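Okay, structure first, notes after.
Remember, it's 1-based here, ligands and their atoms both numbered in the order they're listed. On a predicted model such as this, the values are computed, not experimentally measured, just so you know.
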Amino acid sequence: MPLLDKHLDDYADVVEPGTLERIRALAEPLRGARVLHLNATAYGGGVAELLATHVALLRDVGIDAEWHVIHGSDEFFAVTKTVHNALQGADVEWTPQMEHIYLERVLDNALQLEGEWDFVVIHDPQPAAMHDYARGHGVAPDSTKWIWRCHIDLTDANPQVFEFFRPFIETYDASVWTMQQFVPDSLQMDRVVIAPPCIDPLSVKNLDLPHPFVNEIVKQYGVRPNDPLIVQVSRFDPWKDPIGVIEAYRIVKEEFPTVQLVLAGSMATDDPDGFHYWELADEARAGDTDVHLLSNIQQVGNVQINAFQRLADVVMQKSLREGFGLTVSEGLWKGRPVVGGRCGGITLQIEDGVNGFLVDDVESAAKRTADLLRAPDRATEMGAAGREIVRRQFLSTRELEDWLRLYGELQ
Ligand code: UDP
C-alpha cells in the first residue's frame with residue numbers, strides 16, 4: 001500500500017511529555033528491522049485506518065515497514081464475512097466447502113508472499129492461516145517472527161469456527177488483543193499481549209478544522225449547522241445497529257423536532273453485505289429527510305467524517321458487538337460526548353457519565369442523547385474529559401510504543 005509520510009516529531013505538541021523519547025529508545029535497537037503488516041482491506045474499516053499511520057510511523061523511526069493487502073475474491077470475502085460474524089457470536093452454518101474456499105485462497109496468498117521479513121503481523125482471521133502455509137512451503141525463513149493481531153471480540157465466538165482457526169493461531173510467536181476478556185480460554189500460546197488500537201490525531205480525519213469550514217462541508221450534504229445533530233460513523237453492518245440508531249433518533253425527535261441524524265458508512269471491499277444493510281437502513285429511514293445516509297459513494301471521505309463528528313452534539317456508536325470502535329475515540333478527540341453500546345472496546349473508551357454514556361438498548365440510547373441535548377454545557381464538559389482520556393490512552397504514539405516493545409521482546 002502506498003502511504004503518506006508521517007513524522008514522529010510532529011506529534012510533540014499533542015502527546016504526553018516523554019512519549020517521543022520512550023519511542024525513540026525502543027526503536028533504536030530495531031533500526032533496519034523488516035516488518036510486514038498484512039490485512040484484508042485497503043480502506044473502509046478500523047484496521048486500514050490503523051495501518052496507514054502505524055506503518056508510516058514505523059518507517060519514520062527507522063524500521064523498514066510495509067503494509068500489504070491479501071488478494072481475495074467475492075466468494076472468499078463472503079466466507080470471511082461469515083467467519084467474522086461467527087467469531088462475534090452469530091449462529092452460522094460452517095461447511096467443509098467454506099473451509100476449502102478459505103484455505104485455497106490463503107494458500108494462494110502465502111505462495112505469493114515476497115520479501116524477507118524479520119516480523120510479519122497478520123491482522124484478523126482473513127489471512128490467519130498464512131503462517132502455517134508460508135512455513136509449510138518454505139516461503140518465509142524460520143527466523144521470521146509471526147504475530148497475529150485479533151481486532152475482534154471473541155468472548156462469544158462460535159466454537160466450531162474458532163476451533164477451525166485455533167490451530168492456525170497457535171502457530172504464531174505472539175498474539176495481540178484489544179482486551180484480555182477477548183482471549184479465549186482454550187487458546188494455548190506463550191505470548192499474549194494486550195494493546196488496544198488508537199487514532200491518529202494528525203490524520204485528516206482528526207485534525208482540527210475551522211468552524212466555518214465545518215459548516216460549509218455539512219451544508220453540502222443538506223445538514224443544517226445550527227440544528228441538533230447526532231452522528232454515527234460505521235460500516236452498514238447489523239453489529240453496528242444502524243436501525244437501532246434510527247429508532248433512537250425517532251424517540252429523540254419527539255422532544256427535539258429539528259434534530260438530524262447522519263449515518264455515514266463507507267463500503268469496504270471485504271464487506272459484501274454493506275449494500276444490503278444500507279437498503280435496510282434506507283427503508284427504516286422511511287423518507288425522513290433529516291436522516292442522512294451517506295457513504296464514500298457521495299464522496300464522504302476523511303474530511304467530511306471529521307466535519308460531521310466535530311459538529312455533532314452527540315456522537316453515537318450504538319454497536320451490539322465491537323472489537324474497539326475507533327469512531328468512539330474519534331468523537332471524543334473532537335471534544336464530543338459519545339453514547340456507545342455497552343460492549344467490547346467501547347467500554348474501554350467510555351467512562352459512563354464522565355465522557356459519555358454506555359447504553360444497552362434503543363430507549364437508553366435515546367434517553368442519554370436527549371439528556372445531552374438538554375444540557376449542552378455538560379455535553380461539552382464531557383467531551384473535554386473524553387479528549388484527555390484519548391490523549392493519554394488511545395493515540396497512535398501509545399500503540400507504537402506497545403508494538404515496538406513487542407518487536408524488541410521477540411527479536
Ligand atoms: N469510517 C470512515 N468512513 C465511513 C465509515 C467508517 O472513514 O464512512 C472509518 C471510521 O472513521 C473509523 C473506521 O472507519 O476510523 C471504522 O473503525 P471502527 O473501529 O469504528 O469499526 P470497524 O469498521 O473496524 O468495525
Should S234 be counted as touching ligand 1, given the test is an N or O pair under 3.5 Å? no
Ligand 1 atoms nearer than 4.0 angstrom to some heavy atom of V233 are 1 (N), 4 (C), 5 (C), 6 (C), 10 (C), 11 (O)
Yes or no: does A264 have any heavy atom under 4.0 Å from an atom of ligand 1? yes
From the list H37, H68, E66, M1, side chain to side chain contact (heavy atoms under 4.5 Å, CB included) with V55 holds only for H37
Please report whether ligand 1 has a polar contact with I305, defined as an N or O pair separated by less than 3.5 Å (distance criterion only). no
Could you tell me if any non-hydrogen atom of V300 lies under 4.0 Å from any atom of ligand 1? no
Basic-acidic side-chain contact under 4.0 Å: R24, E21: no
Decide side-chain contact (heavy atoms from CB on, under 4.5 Å) for L410 and D118; before the verdict, give the C-alpha distance in whole Å, the side-chain angles of both, and the deciding distance to 0.1 Å. CA-CA 10 Å; L410 288 173; D118 298 304; over 6 Å; no
Which residue, Q232, Q304, K334, forms the side chain to side chain donor-acceptor pair (under 3.5 Å) with Q309? K334
Only heavy atoms of G325, strictly under 4.0 Å: list the atoms of ligand 1 that pass. 19 (O), 20 (O)
Salt bridge R105-E75, side-chain N to carboxylate O under 4.0 Å: no
E49 heavy atoms, cut-off 4.0 Å: which ligand 1 atoms fall inside? 15 (O)
Ligand 1 and V47, any nitrogen or oxygen pair closer than 3.5 angstrom? no
Salt-bridge criterion met for R405 and E401 (N-O under 4.0 Å): yes
May I ask you to check whether K205 has an N/O atom sitting below 3.5 Å from an N/O atom of ligand 1? yes
Under 3.5 Å between some N or O of ligand 1 and some N or O of E330? yes
Salt-bridge criterion met for D200 and K6 (N-O under 4.0 Å): yes
Measuring centre to centre across the rings, with the benzene-like ring taken for any Trp, is W177 within less than 6.0 Å of W148? yes
For ligand 1, is there an atom lying under 4.0 Å from some heavy atom of K240? yes
